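Here's the structure we're looking at; comments come further down.
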Protein chains: 2
Amino acid sequence: MSEDLRGYIFSRVAGDMEAIETALADNLTPYFDKVREIAGHILFTGGKRVRPLLMVLCARLCRYDGSDDKRVSVMFEYLHTATLLHDDIVDGAAMRRGSPAAHVVWDPASAVLVGDFLLARSASIAVDTGRIALMKILADILEDMSQGEIHQLARKGNVNLSEAEYRTIILHKTAVLMEGACRSGAILAGASDAHARALADYGRNLGMAFQMIDDLLDYTADTQVLGKAVGADLREGKFTLPLIHALGRADAGDAETIKRIMGNPDVTDAAFETLKRLLETYDGIGYTRRCAEAHIQEARSALDMFEPSETRTLLEKLADYTILRRT
Amino acid sequence: MSEDLRGYIFSRVAGDMEAIETALADNLTPYFDKVREIAGHILFTGGKRVRPLLMVLCARLCRYDGSDDKRVSVMFEYLHTATLLHDDIVDGAAMRRGSPAAHVVWDPASAVLVGDFLLARSASIAVDTGRIALMKILADILEDMSQGEIHQLARKGNVNLSEAEYRTIILHKTAVLMEGACRSGAILAGASDAHARALADYGRNLGMAFQMIDDLLDYTADTQVLGKAVGADLREGKFTLPLIHALGRADAGDAETIKRIMGNPDVTDAAFETLKRLLETYDGIGYTRRCAEAHIQEARSALDMFEPSETRTLLEKLADYTILRRT
């Protein structure tokens, strides 16, 4: 099912994806070798280009008929990549997309600076459109994301993190970027405010579901398939919805066990398996999946105001895929 | 002389400085406590506000009569502070302005993220003006600065760094920001392109001189007065003009001595004194000062197209102070 859906989507966006890849590489061509090398390491190792693709598809849904969409859309991949470079330093993550992280291959200093460079590229692309609304979206996203990450960092290892606080964190660190990419597509197409708002709703809900599934996969996936270590969030003291929900429902004894495992950064494989069993017992996994599904339902509903079209179907299927994916 | 000049300047800009301080604090008020705390640590410990002040004075020189200048000018202090936060991580610098650096008080992760947050604030202020030219200046500065820092990092410890390469590095890492602040003042005032270009020339030359004197002070100043360790550049493998020039003129034996000291990150006080003597012998100190003076001459000349006024005099004296300062 998941593979069929992936096949359906990819066959229909292959041309767009190719144009996005070209735009990503073109935009780095005039730069200092070292910058291109480091930026290229993370930009061209397995990124799924979800954010540029969202912008391109949303512009198309709003009947955009220009030729700037792919070139502009990469601003969101640059922004995303910049935050990954900075976040990997923040998290001390050794792996990213199945390869060593940039701050490991080079050094944290280069990763910080290349991240800044990519933020600048992103801003330059927005500026070149001459559309203040796109620049505002970019500035707002960066402000939200950095605040979300600082918030998460400040709450690291706190076993009392509430579901509401978790939702605020993932809204800022993940959903606003997808929201912004979708809204930007509408703006580029000169769509009405109502259509821009609907696509922003679509993107935000997609982003919430996307992050919830990411957090779920950190417990249920296979390290090989995922391209990074399973259980990484737990080891880093990042407590996510599966855990928060299970902890809230566990009896005193099991809550004690869960908290003990949460408090140990060197969690053993056996303890991790115990925890996973408890997340199943107390519906942490199922509840997180249902929350993600509810967001996908919201995302699909937001598209209702658009005429049926192949692009609308694609965006719906992209939403469905978000909760079916295994990596 | 230096103290008199400082007194002259400060007495005339006291009101502007106060308004800039207020704008800096106001702009952080609505944020998450942790963000404000970390951003405040570096923003409110001894920054000289040179960049906002340059923008305010350049706007005034172009007969700006609105009330947005101070509010907008802080975008350059936020941008500057963001790059300081990131650079201190890059350099592993323990001190900044006489206090422990943010990445030491908190952690590198927080310093990276608060830097990103301040970049976002800076972009938001530019966006709020509705002037695309200001956003373009910001994006270009960030692109140049990150490239300049990466360039410097890539050449770290390279004893063959040429004067031309050194000039390219300091242009990017320091001068473009002052250039942008001055140009922005002209733009805010709706000045002609010719006036905006003249003020950009003023700012760029001021920035080149400023960095050259900074690099000189790293050899000649007193750690207590400077607020950071003297000789830090040398220990970090950052070779600057006094060294580059002396090395190019030294005889074979002294060149050997200089290179040996350059290659040792744990340079002793005695070796540092030997090096300082060689920099004097081979005119590294004098030459750097003369280069800075030539840039200040250029900066002053750029002001010639403006009518004489108190503001023009202030900008001239600010330029003079740049090469007389001892910290």
Side-chain angles (χ1 to χ4, degrees), chain A residues 31-35 37-39 82-83 85-87 89-92 103 106-156 172, chain B residues 31-35 37-39 82-83 85-87 89-92 103 106-156 172:
Chain A
Y31 292 99
F32 191 52
D33 283 351
K34 189 88 186 180
V35 172
E37 181 187 345
I38 301 175
T83 62
L85 279 166
H86 287 181
D87 292 350
I89 299 169
V90 169
D91 297 340
H103 68 104
W106 289 274
D107 48 82
S110 298
V112 170
L113 295 172
V114 172
D116 289 350
F117 169 77
L118 290 173
L119 289 179
R121 283 307 306 146
S122 184
S124 289
I125 294 169
V127 166
D128 287 346
T129 66
R131 288 171 191 268
I132 289 174
L134 288 195
M135 299 172 224
K136 183 163 170 48
I137 286 173
L138 185 68
D140 287 349
I141 291 174
L142 184 58
E143 195 162 307
D144 278 344
M145 290 184 81
S146 55
Q147 285 206 91
E149 290 285 344
I150 294 164
H151 191 163
Q152 184 170 59
L153 191 63
R155 294 291 183 274
K156 219 177 215 187
H172 286 148
Chain B
Y31 293 97
F32 190 54
D33 282 350
K34 187 87 186 177
V35 171
E37 183 188 345
I38 301 175
T83 62
L85 280 165
H86 286 181
D87 292 349
I89 299 168
V90 170
D91 297 340
H103 68 103
W106 289 274
D107 48 82
S110 298
V112 170
L113 295 171
V114 172
D116 289 349
F117 169 77
L118 290 173
L119 288 179
R121 282 307 305 143
S122 183
S124 289
I125 294 168
V127 166
D128 286 347
T129 65
R131 288 172 191 267
I132 289 174
L134 288 194
M135 298 170 227
K136 182 162 171 51
I137 286 173
L138 184 68
D140 287 349
I141 291 172
L142 183 58
E143 196 163 304
D144 277 345
M145 290 185 81
S146 55
Q147 286 205 88
E149 289 285 345
I150 294 164
H151 191 163
Q152 184 169 60
L153 190 63
R155 292 291 182 273
K156 220 177 213 185
H172 286 149

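For clarity, every value in this text was computed on a predicted model and none was experimentally measured.
- With a threshold of 4.5 angstrom between heavy atoms, B:D87 approaches chain A through side-chain atoms but not through N, CA, C or O.
- Here the CD1 atom belonging to A:I150 is positioned 11.5 Å from the CD atom belonging to B:E37, to the nearest 0.5 angstrom.
- Contact annotation: the side chain of A:S146 never approaches that of B:V114 to less than 4.5 Å [non-hydrogen atoms, C-beta and beyond].
- Only the side chain of A:L153 comes within less than 4.5 Å of a heavy atom in chain B; its backbone stays farther off.
- Using a 4.5 Å cut-off between heavy atoms, A:D107 contacts chain B through its side chain alone, with no backbone atom that close.
- Most heavy-atom pairs under 4.5 Å with chain B: of the set A:L113, A:D128, A:V127, this distinction falls to A:L113.
- When all heavy atoms are compared, the tightest approach of B:A120 to A:A139 is CB-O, 3.8 Å.
- Atom CZ of B:R131 and atom CD1 of A:I132 lie 10.0 Å apart (nearest 0.5 Å).
- Taking the side chain as every heavy atom from C-beta outward, A:D116 and B:T83 never approach each other to under 4.5 Å.
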